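Structure first, then comments.
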Amino acid sequence: MKLKTPIYSFVLFISIVLLTSWSGSKNPRMNLLDEVILPKPVSVTASGSSFELNANTKIFVNGKSVALLKTGHYLANLIKPATGFDLKVTSTSKKPNSNYIYLAISSLGPEFGNEGYKLRIDEKDVSIIANSPEGIFRGIQTLRQILPKEIEASAQQQKSWLIATGEILDYPQYGYRGAMLDVARHFFNVGDVKKYIGMLAAYKLNVLHLHLTDDQGWRIEIKSWPNLTEHGGSTEIGGGKGGFYTQEEYKEIVRYAQDRYITIIPEIDMPGHTNAALASYPELNCDGKAPELYTGNKVGFSTFCTHKESTYQFVGDVIRELAEITPGLYLHIGGDESHVTQLEDYIPFINRVQDIVLANGKKMIGWDEIAHADIKTNTIVQFWVRLENAQKGVTKKAKVILSPANKTYLDMKYDSITELGLKWAGFIEVESAYNWDPSALIPGITKKDILGIESPLWTETITNMTELEFMVFPRIIGHAEIGWTSDSLRDWDDYKVRLKKHSDRLKIKGINYYAPDVIFKAEF
Ligand code: NGO
């Protein structure tokens, strides 16, 4: 046979090159493993190509679930400002050939629970599958983080919206991942609370605990006791004008949170931390005299009169009205730092309040001191400072929420030069906030006893959203990862690199975060 001439070989070579580039993918090569996802997922597999989101991409929701359709619209709204795309959301069982994001409920293994999801990005489509709409919602937060960072911009950006292809399997290690906001010491209005809820949802948190009452202010309308807000809500620390939520406003917060799969847990702190109520109704005081409103920042000086029957009528009305407007399972009754209530008065008081909460169809949560009372096994003890209280709670077969003050209190200063915040539990640097494992925190308390973790922001020194953001970010991102990602997948050296990269998104979102040079200016 005749040998191939050079020109023949050249033509053959060119044909092969053209053929492979025609038949092969035109999508830019990308690596899903390069993307930063916070909290870190259970597994990420990359397949080396990309999907391009464009103005013709459609969102398809499988089946007729109203909740899922709502979540589809949430995704469309999330994508709209930065891209300018008005993506159509349709409910269907028939998908087109390509260029769509598909959201579907389909059964995944039991380890995925309500919040787990499977996110798959192919060259032609993206799909999020989960056992429930909640899982789809969490998956959307991941999708958001693997879109270009400019997706967080509030104004339209000119760029191509490429997503690396591959598959992400994910589910949380704890079912309760919360934040607490103290709106009693300084009041935060409905708009602020919604903004905070939006920020929490991005990191897959699922609880916002609102500390609604304290010595300095009563912030929730109780129709049968109107002076609580009229008088008790009229000021705050420093003597500002305070404020309160009407029940309608509170319901609006609850709905906004529900749409983001966040449960609102309201707290009425008692029998201590009650000066605002005591100042509003003289009959709640043992001497029948109402004290002055209080605008300082001391704790532990007030108490309801635990001997008076009228106190329990009051508590009954408050809990009933609150239970009626709270769809979540839990009511928080405080119970902390009742320094002027005798233990022999404190215990029966908590016992009776527990009965009232249960009679209203809710479960009770209280700060760790409540472990002294006869708590039921479905009552939850929120650890903040006394290990022995948390241990006592577990001995009584209660579950615990972990809010160790020296790790999770967002009101603690980062270091000695932080202007805002308190320091009674020590300074909490970003590393210290991240570097601990819930199941190794308290001797005798293991993973099965722990419902989850919660990060409280007490607001003695925090007066507005700019200050709030500085104390919360970035520490809460670390807490979100502790709650979601199993301890064996977490590592500070790996996390700090991811956090630094992720900070571009915080900048675009306009979040006023604390940025120490050791992390944010370091070369990793
Ligand atoms: C304590 C106290 C709060 C303070 C907070 C300040 C608890 C559970 N009770 O935590 O009233 O605001 O510290 O860090």
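Read the numbers this way: they start at 1 and go in the same order the structure lists the ligands and their atoms. The structure presented is a predicted model; accordingly, all values stated were derived computationally and were not measured.
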Should the ring pair [X] and [Y] be called parallel, tilted or perpendicular, given that the plane angle runs from 0 to 90° and is split at 30 and 60?
X      : Y      : answer
Tyr409 : Trp424 : perpendicular
Tyr171 : Phe112 : perpendicular
Trp458 : Trp367 : tilted

Heavy atom of the protein closest to [atom] (residue, atom name, distance):
atom                    : value
atom 2 (C) of ligand 1  : Glu337 OE1, 3.0 Å
atom 4 (C) of ligand 1  : Glu460 OE2, 3.4 Å
atom 9 (N) of ligand 1  : Asp336 OD2, 2.7 Å
atom 11 (O) of ligand 1 : Arg185 NH2, 2.9 Å
atom 10 (O) of ligand 1 : Tyr409 OH, 2.8 Å
atom 1 (C) of ligand 1  : Trp384 CZ3, 3.4 Å

## Note on the structure
Numbered in order shown, the ligand 1 atoms found under 4.0 Å of a heavy atom of Met412 are 14 (O)

### Task
Step by step, work out the salt bridge (charged side-chain N to carboxylate O under 4.0 Å, His left out) result for Lys376 and Asp355.
CA-CA 10 Å; Lys376 302 263 170 29; Asp355 290 342; 3.7 Å; yes

#### Entry: Sub-4.0 Å heavy-atom contact, His273 with ligand 1
yes

Output field: ring centroids [X]/[Y] closer than 6.0 Å:
X      : Y      : value
Tyr245 : Phe187 : yes
Trp218 : His231 : no
Trp225 : Tyr281 : yes

### Summary
CD of Gln141 to CG of Leu205, rounded to nearest 0.5 Å, is 10.5 Å

Min N/O separation [X] to ligand 1 under 3.5 Å:
X      : result
Trp367 : no
Asp411 : yes
Asp214 : no

### Query
Using a heavy-atom cut-off of under 4.0 Å, does the side chain or the backbone of Leu422 touch ligand 1, or both, or neither?
side chain

